[in-house]
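Notes follow the structure.
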Number of protein chains: 2
Amino acid sequence: MDIAEELGLSVSTVSRALNDHPNISAKTKEKVRKMARKLGYRPNAMAAGLRNNKSRTIGLIIPRISMFFPAAITTVVQNKLQEYGYHLIICQSNDSLEQEQQLVNTLYSARVDGLAVSATLSTTDFSHFDIFKQHNIPVVFFDRTPKDYQAKVIKGDDFVGGLTATEHLIEQGCRDIVHISGPLTCNLYVERLAGYKSALQQHKVPFKKQRVFFHELTRENALATAGKIFAQQPYPDGIFATNDTTAITLLQYCREHGIRVPEDVKIVGYSNDPRTEIVTPSITSVDQFPATMGERVVSALMDLIQTRHPAGYRHPQEIVPTQLVVRDSSAGSPKKKK
Amino acid sequence: MDIAEELGLSVSTVSRALNDHPNISAKTKEKVRKMARKLGYRPNAMAAGLRNNKSRTIGLIIPRISMFFPAAITTVVQNKLQEYGYHLIICQSNDSLEQEQQLVNTLYSARVDGLAVSATLSTTDFSHFDIFKQHNIPVVFFDRTPKDYQAKVIKGDDFVGGLTATEHLIEQGCRDIVHISGPLTCNLYVERLAGYKSALQQHKVPFKKQRVFFHELTRENALATAGKIFAQQPYPDGIFATNDTTAITLLQYCREHGIRVPEDVKIVGYSNDPRTEIVTPSITSVDQFPATMGERVVSALMDLIQTRHPAGYRHPQEIVPTQLVVRDSSAGSPKKKK
DNA sequence: AATCTTTATGCAAACGTTTGCAGATTTCAT
DNA sequence: ATGAAATCTGCAAACGTTTGCATAAAGATT
């Protein structure tokens with residue numbers, strides 16, 4: 001360290017001075033700090049990390065940063081961690097299991113102090129996270145969470161979300177409701193589907209298998225499904241799509257094909273993507289409170305870093321509530337004009 | 001290293017074996033690799049980084065991840081770097097100069113191998129990046145770039161963008177065009193404004209000072225400006241907003257106030273945010289090709305890491321072309337119905 | 001069998017920190 | 001003055017890699 005040389009002190013004294021160690025006299029501290037400023041000294045985080053066995057860095061794995069919901073969470077996670085003096089290494093799995101596995105390994109190599117993960121659509125086996133478990137490094141799953149892998153889980157209330165969305169459609173007079181679900185390998189779609197079914201049952205609306213579609217929720221797939229739905233009469237009078245991209249795409253399809261929303265068919269999306277607010281008609285959607293979720297993720301992480309838990313510890317699952325935001329796409333009764 | 005112990009080899013041999021060094025026999029390599037796999041060995045990137053004086057990590061500073069354009073760039077930067085075996089530490093300055101300065105320092109402490117930056121709206125003094133210059137670590141600025149700070153710059157063609165957008169409005173029959181600009185501390189707004197002025201001049205449309213507004217381009221500010229614009233007749237017949245959030249907000253304002261778009265007033269935005277496509281009417285906007293820009297940023301970074309340049313080197317500036325995407329908000333002649 | 005190559009391995013230092021322990025200096029009460 | 005206590009500083013090891021150099025083993029050439 002040049003500061004030490006320059007001042008004729010030992011590196012240990014300098015190190016302690018910079019870290020405000022009590023054993024160092026006020027004068028030396030002042031001298032050292034001054035020289036540090038003068039020389040533009042910046043500690044080497046890698047060296048410190050190596051020595052301390054911690055990096056003050058958190059790894060984040062999400063399917064893609066361009067999707068609204070994970071992006072919104074990422075924003076707050078990042079800002080929150082910044083406040084705590086932690087870095088965030090953000091990685092995209094691009095919804096590929098293989099990439100996810102690889103990322104877990106390289107993030108372990110980077111010796112992140114914790115990991116926050118929203119899994120791939122197809123991740124059902126979570127054993128590639130074992131390496132973090134083995135080394136007792138905190139892992140927090142959010143949104144797309146494992147079903148029976150023991151780890152901290154923070155998720156939206158997907159059952160209730162699915163239930164309220166469907167119930168709302170029923171209350172608005174719908175009796176033939178299409179459900180567009182993601183692949184059931186992903187747990188949250190299982191629960192939304194369960195919510196959908198439960199709502200139907202509670203209101204004695206018959207469940208029809210052919211009214212439920214499963215596929216990755218991309219624009220292309222949504223268009224294909226729209227084609228199928230409206231290929232033949234009778235049209236459904238309600239559609240509950242489990243993401244907003246799908247809902248928006250369906251809305252556009254309807255517009256182009258002269259199907260009136262909400263008069264002919266009502267639409268509800270999921271996630272409360274800001275886009276739902278700006279389309280015409282605006283789309284009813286289920287808010288998942290990404291900010292809250294992000295904050296909870298960081299809190300959980302910081303907490304787990306502070307107080308490690310024994311190997312078999314069962315982390316309590318946190319559920320972030322959900323709220324239906326009613327907009328024009330589901331307004332009024334089917335017969336009445338808005 | 002436990003592998004060494006386990007196999008009765010020295011750590012150097014193991015290290016070389018894992019790095020496929022030519023001096024190591026095929027058998028030992030095989031043995032070592034096998035044991036590494038068996039023990040679940042993952043190299044400690046911090047130790048390697050410390051020794052090699054490189055981290056295989058790039059730092060990225062953007063105003064916020066939730067904005068479309070920087071987010072779109074980030075996505076490709078991240079994926080591209082992943083391919084090269086680099087990590088990305090993403091940081092948000094939240095458009096605060098102070099935060100930006102701090103981030104530069106902590107990213108230097110992390111000893112990133114390179115830095116990609118889209119600056120704050122208010123960054124005019126770039127001297128906090130000097131530390132990277134001094135240590136000869138590559139810095140690439142994109143989108144919001146410095147005016148006369150010597151560094152690699154990759155930017156959109158903002159002059160031409162402003163020019164074509166304005167020209168388009170003129171060609172559609174507009175003669176009284178409002179320009180909503182960001183603060184001129186940010187270079188790109190200077191150039192878009194210059195493009196706007198140039199287009200007016202070329203088509204002999206008088207420039208009116210009171211038709212130009214400067215403020216941060218948030219929704220709230222856009223609403224306030226909309227209020228001012230439509231407070232009194234005559235209304236403008238065209239609006240060139242330098243971002244899409246502003247354009248969308250204006251469109252909504254018009255809709256709520258019974259001002260027809262594009263019949264009464266035509267609107268053009270900037271960035272080709274996907275939202276411009278889903279509103280009604282869809283909004284004409286200027287595409288800036290974020291993917292191209294992201295790729296260029298990574299290429300530049302990889303290039304600069306490979307071949308360092310002497311202190312005074314003047315990096316050639318790269319300009320990514322721009323393209324006007326015409327949509328409904330600017331269609332037809334002012335009098336004719338679409 | 002002796003020498004020279006070639007090939008494979010190990011030693012030890014280095015990267016920049018932090019920290020337990022020991023030692024040096026000062027302060028204070030006696 | 002003397003010793004004890006309190007205060008400050010330095011030595012050296014450690015973190016997990018990589019790498020120049022030396023050395024050992026094996027193979028080839030006489």
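None of the values given here were measured: they were computed from a predicted structure. Letters A, B, ... are given to chains in the order of the sequence lines, protein chains preceding strands, and every chain is numbered from 1.
- In this structure, M46(A) places its CE atom 17 Å from C1' of dT18(C), rounding to the nearest Å.
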Please evaluate residues K29(B) and D20(B) with respect to the criterion salt bridge (Lys or Arg N to Asp or Glu O under 4.0 Å), reporting the C-alpha separation (whole Å), side-chain torsions for both, the decisive distance (0.1 Å), and the verdict. CA-CA 7 Å; K29(B) 277 183 191 169; D20(B) 206 25; 3.1 Å; yes
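- Applying the ring pair (Phe, Tyr, Trp, His ring centres under 6.0 Å) test to F132(A) and every residue at least two apart in sequence or in another chain returns Y108(A).
- Across the protein-nucleic acid pair, K54(A) atom NZ and dG16(C) atom P stand 22 Å apart, rounded to whole Å.
- L7(A) places its CG atom 15 Å from the C1' atom of dC8(D), with the value rounded to the nearest Å.
- Over its full length, the helix from dA1(C)-dT30(D) to dT30(C)-dA1(D) turns its helical axis through 50°, comparing axes from the five pairs at each end and rounding to 10°.
- Out of dG10(D), dT17(C), dC11(C), the shortest distance to the side chain of P43(A) is found at dT17(C).
- Rounded to whole angstrom, the span from the CG atom of N19(B) across to the P atom of dG16(D) amounts to 17 Å.
- For L9(B), the listed nucleotide lying nearest its side chain is dG10(C); candidates were dG10(C), dG16(D), dT18(D).
- To the nearest 0.5 Å, the span separating CD on Q92(A) from CD on Q78(B) amounts to 4.5 Å.
- Using a 4.0 Å heavy-atom distance criterion, N53(A) is classed as making no nucleic acid contact.
- For N52(A), no side-chain nitrogen or oxygen approaches OP1 or OP2 of dT17(C) to under 4.0 Å.
- Listed nucleotides dC15(D), dT17(C), dT9(C) differ in distance to L50(A); the shortest reach to its side chain belongs to dC15(D).
- By the 4.0 Å N-to-carboxylate-O rule, E83(A) lies close enough to K80(A) to be salt-bridged with it.
- Of all heavy-atom pairs spanning Q288(A) and S271(A), the tightest one is NE2-OG, 3.0 Å.
- What separates CD1 of I24(B) from P of dT19(D) is a distance of 13 Å, to the nearest Å.
- By the 30° and 60° cut-offs, the orientation of the rings of Y313(A) relative to H309(A) is parallel.
- Closest approach to the T28(B) side chain among dG16(D), dT9(C), dT18(D) is made by dT9(C) (side chain taken as heavy atoms from C-beta onward).
- For R42(B) against dG16(D), no side-chain N or O and base N or O form a donor-acceptor pair under 3.5 Å.
- Proximity of S10(B) to the phosphate of dG10(C): a side-chain N or O atom is located under 4.0 Å from OP1 or OP2.
- Sequence neighbours left out, the pairs with a member in residues 137-152 of chain B that pass side chain to side chain donor-acceptor pair (under 3.5 Å) are D95(B)-R144(B), D130(B)-Y149(B), K152(B)-E318(B).
- You'll find that the side chain of R51(B) is closest to dG16(D), out of dG16(D), dT18(C), dC11(C).
- The CG-P distance, from D20(B) to dT18(D), rounds to 13 Å in whole Å.
- No hydrogens or angles were tested; on distance alone, a donor-acceptor pair under 3.5 Å links the side chain of S12(B) to the base of dC11(C).
- Heavy atoms of S25(B) sit under 4.0 angstrom from primed sugar atoms or phosphate atoms, though from no base atom.
- Candidate nucleotides dG10(C), dT18(D), dT9(D) were compared by shortest atom distance to the side chain of N23(A), and dT9(D) ranks first.
- Atom CZ in R16(B) sits roughly 16 Å away from atom P in dT7(C) (whole-Å rounding).
- Straight-line distance from the CG atom of L18(A) to the P atom of dG16(C): 15 Å, rounded to whole Å.
- Nearest heavy-atom pair, A45(A) versus A110(B), reported as atom, atom and distance to 0.1 Å: CB-CA, 3.9 Å.
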